[in-house]
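Just the heavy atoms: all of them, side chains too, but no hydrogens, waters or symmetry mates, feed the values below. Quantities reported herein were computed from a predicted structural model and do not represent experimental measurements. Index from 1, following the sequence.
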Amino acid sequence: MLRRRVAKNAQVASATVLATFAVAVLILFLVVFKITTSVVRAQDIVQACHLSTILSSWQLQKDILVTNWEIMDSPFFLDCKTIFTEITKDSINRAEFPISFGKDATPEQKKEKLKDAVMQQMAECWYMYGQGKAKVQQAVETEEGKTTCIVCSEIIPTKEFVEDMQKNSPDVLTLDKMYAYAASNNVPPQNSKSYLDYMLENAKTRPDVLREGEMSKPGVNYVVEPTKITLDKRYSVVFAIADQTEHLFALLGRGGVIKADTGIVGCNLGGYGENPAKGDFAEAIGCNKDGTNKDGLIFGKVIDGGRHDELLSWRNLPGFNLATGGSAELKRFPMTVRLVPTDEMVKGDFCSRLY
């Protein structure tokens, strides 16, 4: 009788252990499945946007002149969505995929992970919209002298994160020396080039950026670091396209444009003696007219050519446009990827059209 009771109790205990193990495996499977699904979904969004950008825009090829005729417009459209990243006190959750700070992470280690998360999303946005090789203006509406914005991602610090950092590690909330970080740290997973080199890869000229630990050289005008990027508010990573037209007799005061293939970092333009840029040039790249940008980051390149008005072999000569039968218009499109406070973007301070 005692043996039966012991055997029965053992069976019950064994069944309980098996049931507990099965539940644990199921929970683990669901967690892994959710994480894997989130990663795949985010990558699908990125790749779909990149492919649709190439298909719906003119692809720029080195030493090949692309002519834009109305009957040759692409039949494809942009297929792009916004990716959301939530920052909690324990992790950075990109598209529901948690990247843990680590149980014993120091404030400096948390800060490094936040810097890299921001830079990864800016590089990802640059990739989504053609890496400065596609005429994205063919796929969206642009207006002369205005800027069109497309939101790639939103970075959302939770109230819990902000309050915890303010109480225990206030320095974590302020991301400093981000241009130096971009110049000194590489884009994963290949890690073959820095964030700065990646986003200025196709620019013929580029501003000077001081790398981490590097000493400044006399007479070099380095890009000025933004005064603050404070993660106590929501930020947007935006791909922006400014429309500039240099009309006939531009030299007589009808407006100039930034030179094609100019690299852009902050409010500085590659190949220009006076930096930061001022006036219309500054506004075209996302800065104030006085050449300041106190809360955000900017990288980019200037694209040559506009809708249906390439000038064929005459495109660099002011005067008569044989392609359109009218006066020549040299079109330039400064394309930038920007980190901007979401509230400022929504107010429409620099976006005439928002996607």
Side-chain angles (χ1 to χ4, degrees), residues 45-82 124-152 199-204 237-247 255 257-264 283-286 298-316 321-338 350-355:
I45 291 172
V46 171
Q47 294 300 335
C49 183
H50 177 75
L51 180 60
S52 69
T53 297
I54 300 305
L55 292 174
S56 60
S57 309
W58 285 103
Q59 183 79 3
L60 299 178
Q61 302 292 340
K62 187 176 181 180
D63 299 327
I64 296 177
L65 181 62
V66 179
T67 308
N68 300 324
W69 299 103
E70 189 161 0
I71 60 172
M72 293 175 64
D73 270 355
S74 172
F76 298 97
F77 299 93
L78 288 180
D79 178 19
C80 300
K81 298 176 183 176
T82 301
E124 185 177 77
C125 184
W126 189 241
Y127 173 80
M128 289 167 72
Y129 291 97
Q131 302 160 284
K133 302 175 185 177
K135 295 185 176 181
V136 185
Q137 72 272 12
Q138 301 285 23
V140 298
E141 291 186 44
T142 61
E143 182 182 352
E144 185 180 330
K146 304 291 184 180
T147 298
T148 296
C149 298
I150 313 172
V151 181
C152 294
M199 289 187 279
L200 270 66
E201 185 174 13
N202 299 291
K204 291 181 180 177
V237 178
V238 178
F239 187 86
I241 311 162
D243 187 327
Q244 291 190 313
T245 300
E246 184 176 67
H247 297 283
V257 295
I258 303 174
K259 292 178 288 190
D261 297 320
T262 296
I264 302 165
E283 287 193 323
I285 60 176
I298 304 169
F299 300 90
K301 177 195 168 186
V302 180
I303 299 294
D304 179 14
R307 182 182 295 275
H308 316 317
D309 60 1
E310 284 281 10
L311 303 183
L312 300 178
S313 59
W314 298 93
R315 62 179 177 169
N316 294 319
N321 179 3
L322 297 180
T324 61
S327 61
E329 291 189 338
L330 299 181
K331 299 284 283 186
R332 298 290 183 268
F333 290 88
M335 292 187 177
T336 51
V337 56
R338 308 175 185 176
F350 60 83
C351 292
S352 61
R353 186 180 294 275
L354 187 63
Y355 286 81

Undergrad: Who passes side-chain hydrogen bond (donor to acceptor under 3.5 Å, both in side chains) against Thr148, sequence neighbours left out?
TA: none
Undergrad: Identify the heavy atoms of Lys135 and Ile303 that sit nearest to each other, and give their distance.
TA: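 Between these two residues, the closest heavy atoms are CG-CG2, 4.1 Å.
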Undergrad: Could you work out, with side chain to side chain contact (heavy atoms under 4.5 Å, CB included) as the rule, every residue matching Glu283, not counting sequence neighbours?
TA: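 Partners of Glu283 by the side chain to side chain contact (heavy atoms under 4.5 Å, CB included) criterion, ordered by chain and then number, come out as Asp280, Lys289.
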Undergrad: Looking only at atom types and distance, does a side-chain atom of Thr336 sit under 3.5 Å from a main-chain N or O of Gly300, one as donor and one as acceptor?
TA: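 Judged by distance alone, no pair lies under 3.5 Å.
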Undergrad: Would you find a donor on one side and an acceptor on the other, under 3.5 Å apart, between the side chain of Asn202 and the backbone of Gln131?
TA: yes
Undergrad: Sequence neighbours excluded, which residues qualify as side-chain hydrogen bond (donor to acceptor under 3.5 Å, both in side chains) partners of Thr262?
TA: none
Undergrad: What are the two closest heavy atoms between Ala242 and Ala284, and how far apart are they?
TA: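 Result for this residue pair: CB-O, 3.3 Å.
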Undergrad: Measure across Thr53 and Met128 and return the closest heavy-atom pair with its distance rounded to 0.1 Å.
TA: OG1-O, 3.0 Å
Undergrad: Which residues satisfy the salt bridge (charged side-chain N to carboxylate O under 4.0 Å, His left out) test with Glu201, sequence neighbours excluded?
TA: Lys193
Undergrad: Check Tyr127 against His50 and note the closest heavy-atom contact, atom names and distance.
TA: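 In terms of heavy atoms, the two residues are closest at O-ND1, 2.7 Å.
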Undergrad: Hey, mind stepping through Asp243 and Lys331 against salt bridge (Lys or Arg N to Asp or Glu O under 4.0 Å) and telling me if it holds?
TA: CA-CA 8 Å; Asp243 187 327; Lys331 299 284 283 186; 3.0 Å; yes
Undergrad: Rounded to the nearest 0.5 Å, how far does CG of Asp79 lie from NZ of Lys81?
TA: 6.5 Å
Undergrad: Restricting to non-hydrogen atoms, name the atom on Ile54 and the atom on Gly130 that form the minimum distance, rounded to 0.1 Å.
TA: CD1-CA, 4.4 Å
Undergrad: Can you name the side-chain hydrogen bond (donor to acceptor under 3.5 Å, both in side chains) partners of Gln244, sequence neighbours left out?
TA: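 Testing Gln244 for side-chain hydrogen bond (donor to acceptor under 3.5 Å, both in side chains), a comparison that skips the adjacent residues, returns none.
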Undergrad: Could you state the interatomic distance from CD1 (Ile241) to CD (Gln138), rounded to the nearest 0.5 Å?
TA: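 Rounded to the nearest 0.5 Å, the CD1-CD separation comes to 10.0 Å.
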Undergrad: List for me each residue that meets salt bridge (charged side-chain N to carboxylate O under 4.0 Å, His left out) alongside Asp261, sequence neighbours excluded, and say none if there are none.
TA: Lys204, Lys301
Undergrad: Please assess Ile258 against Arg332 for the test side-chain contact (heavy atoms from CB on, under 4.5 Å), listing each intermediate value before the final yes or no.
TA: CA-CA 7 Å; Ile258 303 174; Arg332 298 290 183 268; 5.6 Å; no
Undergrad: For the atom pair CZ (Arg338) and CZ (Phe239), what is the distance rounded to the nearest 0.5 Å?
TA: 10.0 Å
Undergrad: Return yes when the gap between the SG atoms of Cys152 and Cys125 is under 2.5 Å; return no otherwise.
TA: yes
Undergrad: Taking all atoms of both residues into account, what is the closest heavy-atom pair of Phe333 and Thr142, and its distance?
TA: CE2-OG1, 3.8 Å
